[in-house]
Amino acid sequence: MSTEARESLNFIEQIIAEDIANGKHNGMVHTRFPPEPNGFLHVGHCRAIVLNFDLGLKYGGKTNLRMDDTNPSTEKTDFVDNIKNDIHWLGYEWANDVLYASDYFGQLYDFATQLIEKGLAYVDDSSAAEIAATKGDTTSPGQNSPYRSRSIAENLDLFARMKAGEFPDGSRVLRAKIDMAAPNLLLRDPVLYRIKHEHHHRTGDAWCIYPMYDFAHGQSDSIEGITHSLCSLEFRHHRDLYDWLIEKLEIFPSRQIEFARMNVTYMITSKRKLLKLVEEGLVSNWDDPRMPTIAGMRRRGYPAAAIVDFCRGIGLTKRDNMIEIERLEYHVRQELNQSATRVMAVLDPLKVVITNYPAGQVEWLATENNPEDPESGTHELPFSREIYIEREDFATEAPNRKYFRMAPDRDVRLKSAYILHCTGYETDPATGEVTEVHCTYYPDSKSGEDTSGVKAKGTLHFVSIAQAVKAEVRMYDRLFTDPNPTNHEDRDFLEFFNPDSLTVITGYAEPSLAQAAPGAAYQFMRLGYFVADESTRPDAPVFNQTVTLKDSYRP
RNA sequence: AGACCUAUGGUGUAAUCGGUAACACAGCAGAUUUUGGUUCUGUCGUUCUAGGUUCGAGUCCUAGUAGGUCUACCA
């Protein structure tokens with residue numbers, strides 16, 4: 001009864017549990033995921049999405065999806081659609097419709113006016129360079145702006161005229177009047193509004209002044225009644241300003257809590273750097289299967305459930321972390337092992353002729369769709385005199401006692417078919433390369449009805465040559481040659497781009513693969529998991545390697 | 001150099017008013033296996049340092065050390 005282990009809560013859950021116990025916000029929990037629609041979502045966002053939406057689900061609250069679109073220069077509606085699609089794909093549903101910080105521009109303007117009226121904000125005519133120059137630094141205080149002591153009336157007038165479009169870009173800003181000597185640089189009269197005569201993807205030309213992050217994010221949280229506003233560690237310093245604004249504006253007290261964002265080896269999460277990969281043509285696009293974007297991982301064949309499980313499993317702290325990609329791959333394999341249909345495909349073919357099998361004869365053999373799922377049934381694949389096996393599965397001489405693949409005078413089973421006895425092989429006189437292998441088969445060794453008594457230690461996959469379908473197979477390796485490519489002070493991350501991260505080959509697949517539906521997951525037996533690419537067609541099947549199988553064979 | 005944040009196996013986390021440092025991934029070894037997959041078993045290895053408080057410290061205190069963040073009209 002009382003032997004059940006106490007549930008281990010992460011530090012944010014502890015805070016929430018405490019707030020609920022104390023009756024804060026009447027026990028309500030309301031979170032949000034606030035992406036800026038200026039790029040594709042990536043692994044790092046997955047962690048934040050899972051965290052915020054799971055918390056909403058767990059504590060009976062809601063989670064908003066809010067586009068943080070306060071900078072008209074970089075944001076686009078296209079990105080909004082991708083973001084919505086990615087979140088849905090992960091399996092989450094947001095409360096209400098999608099919300100936009102830009103919907104609050106009117107409210108935000110009123111907040112700014114209130115601040116001016118309280119003598120807590122002023123219009124500064126200084127240039128960006130002047131503001132930066134008088135900011136001081138970590139060891140010395142800044143200097144007050146000469147415009148800091150303008151009257152409230154003058155500030156009100158100037159701010160209204162900023163909004164009216166009377167001034168050019170960069171000529172004036174609205175600043176909070178806090179403390180130019182504050183140890184936290186963000187509190188040294190931070191800029192609240194800037195002038196940008198630019199078209200906004202939603203508000204059009206209605207505004208020519210736009211709020212800065214610090215004067216939009218926290219206020220949006222407050223307007224929406226967000227109880228726990230979760231963000232990454234680098235926003236710690238912003239919290240002082242976040243709290244100051246809420247206090248001075250006397251609005252709903254959302255609470256910001258910072259956590260360490262997730263880093264994964266061989267993956268980068270800088271939007272700027274991901275964009276560079278696309279622009280330089282090193283990857284095909286944002287959804288290239290090598291990209292750590294949600295779109296890329298989806299196209300790579302990573303199941304949404306695997307990504308979500310991964311994010312849930314890594315815990316949550318305030319420590320910088322670097323999670324090994326093997327852990328993500330573990331979840332991908334675990335998920336795919338349960339769901340992927342088993343098929344056979346040979347990627348590096350070596351012809352095998354079964355000399356005692358009648359030429360022209362074809363047998364259709366039943367093979368399990370998925371041994372992990374008894375309900376999954378079987379499908380049929382052809383067997384005939386001439387087949388392909390993996391070149392790697394043949395050796396002219398068995399290297400050691402632990403080798404149990406094909407070699408002269410050895411017996412080996414063909415998965416779901418017969419046991420073969422290797423009688424010899426032919427080589428290219430010029431190169432010495434093996435060109436063909438000869439075998440005989442044991443007619444009474446058919447899978448499921450084997451009475452041969454022959455013991456074969458190894459089992460190989462194969463395809464019947466006559467019925468095999470050629471497929472384009474894209475083999476992937478890590479995108480970078482270094483687990484943390486952006487961590488080198490003296491070298492650009494592109495120096496670590498792995499030129500072998502994509503290898504396109506022609507494989508030979510069992511005929512059922514011609515009908516693969518885009519997105520369908522398969523296990524090419526003994527090779528790995530593959531997904532039918534969105535471009536796959538019956539006459540030209542295309543597969544992306546998702547991840548290899550774990551391989552404990554060591555020659 | 002200033003403020004703030006963080007230090008637990010190779011990696012990520014747990015240990016909830018101070019009470020035997022545990023789980024997962026990775027690694028290694030073995031069993032099972034018509035996928036050298038899956039599954040199962042075993043194994044390796046951990047509290048940054050120095051003081052202090054205490055019967056007892058990963059946990060509390062002090063001082064160091066190391067790493068991270070911050071001086072955009074980006075978010």
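To find a chain, count down the sequence lines: A is the first, B the second, and so on, and within it residues start at 1.
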*Give a yes-or-no answer on whether the side chains of A:D124 and A:S145 include a donor-acceptor pair shorter than 3.5 Å.*
yes

*Could I get the full list of side chain to side chain contact (heavy atoms under 4.5 Å, CB included) partners for A:D125, not counting sequence neighbours?*
A:V123, A:Y147, A:R150, A:R172

Please list each protein N or O that sits under 3.5 Å from an N or O in nucleotides 58-60 of chain B, with the distance.
none

*Assess A:K318 against A:F259: is NZ or CZ under 6.0 Å from the centre of the six-membered ring, and within 45 degrees of the ring's axis?*
no

*Between A:L186 (CG) and B:rA75 (P), how many Å, whole number?*
13 Å

*asked:* Please confirm whether the ring centroid of A:F105 lies under 6.0 Å from the ring centroid of A:H200.
replied: yes

*State whether A:R148 and A:D189 are salt-bridged, where the test is any N-O pair (Lys NZ or Arg NE/NH1/NH2 against Asp/Glu carboxylate O) under 4.0 Å.*
yes

_Length of the CG-C1' vector between A:N71 and B:rC73, whole Å_ = 10 Å

*Do any pairs count as a salt bridge (charged side-chain N to carboxylate O under 4.0 Å, His left out) and have a residue in residues 327-340 of chain A, sequence neighbours left out, and if so which ones?*
A:E329-A:R478

*If pairs are Watson-Crick or G-U with both distances under 3.5 Å, what is the dot-bracket string of RNA chain B, marking crossing pairs with [ ] and pairs to another strand with |?*
.((((((..((((.....[..)))).(((((.......)))))....(((((..]....))))))))))).....

*Cut-off 3.5 Å, side chains only: do A:D221 and A:Y242 have a donor facing an acceptor?*
yes

*Would you check if the side chain of A:E390 reaches a backbone N or O of A:D348 as a donor-acceptor pair within less than 3.5 Å?*
yes

*Do A:H238 and A:Y213 have ring centroids that are under 6.0 Å from one another?*
yes

*Salt bridge between A:R342 and A:E368, side-chain N to carboxylate O under 4.0 Å?*
no

*Hey, which sits more toward the 5' end of RNA chain B by its nearest nucleotide, A:T74 or A:I314?*
A:I314

*Once you round it to whole Å, what is the distance between P of B:rU16 and CD1 of A:I12?*
19 Å

*asked:* Using 0.5 Å steps for rounding, measure from the CG atom of A:D69 to the CZ atom of A:F79.
replied: 13.5 Å

_Atom-to-atom span, CZ of A:F310 to P of B:rU13 - whole angstrom_ = 11 Å

*Polar contact flag, side-chain donor to acceptor under 3.5 angstrom, A:E198-A:Y210*: no

*Which letters describe nucleotides 23-44 of chain B, given B = protein heavy atom under 4.0 Å from base, S = only from sugar-phosphate, - = neither?*
-BBSSS-----BBBBS------

_A:K271 and A:N38 side chains, donor-acceptor separation under 3.5 Å_ = yes

With 3.5 Å as the limit, what N/O pairs link the protein to nucleotides 3-6 of chain B?
residue: B:rC4; atom: O2'; partner: A:R236; partner atom: NE; Å: 3.3

*Between B:rC73 atom P and A:F159 atom CZ, what is the distance in whole Å?*
16 Å

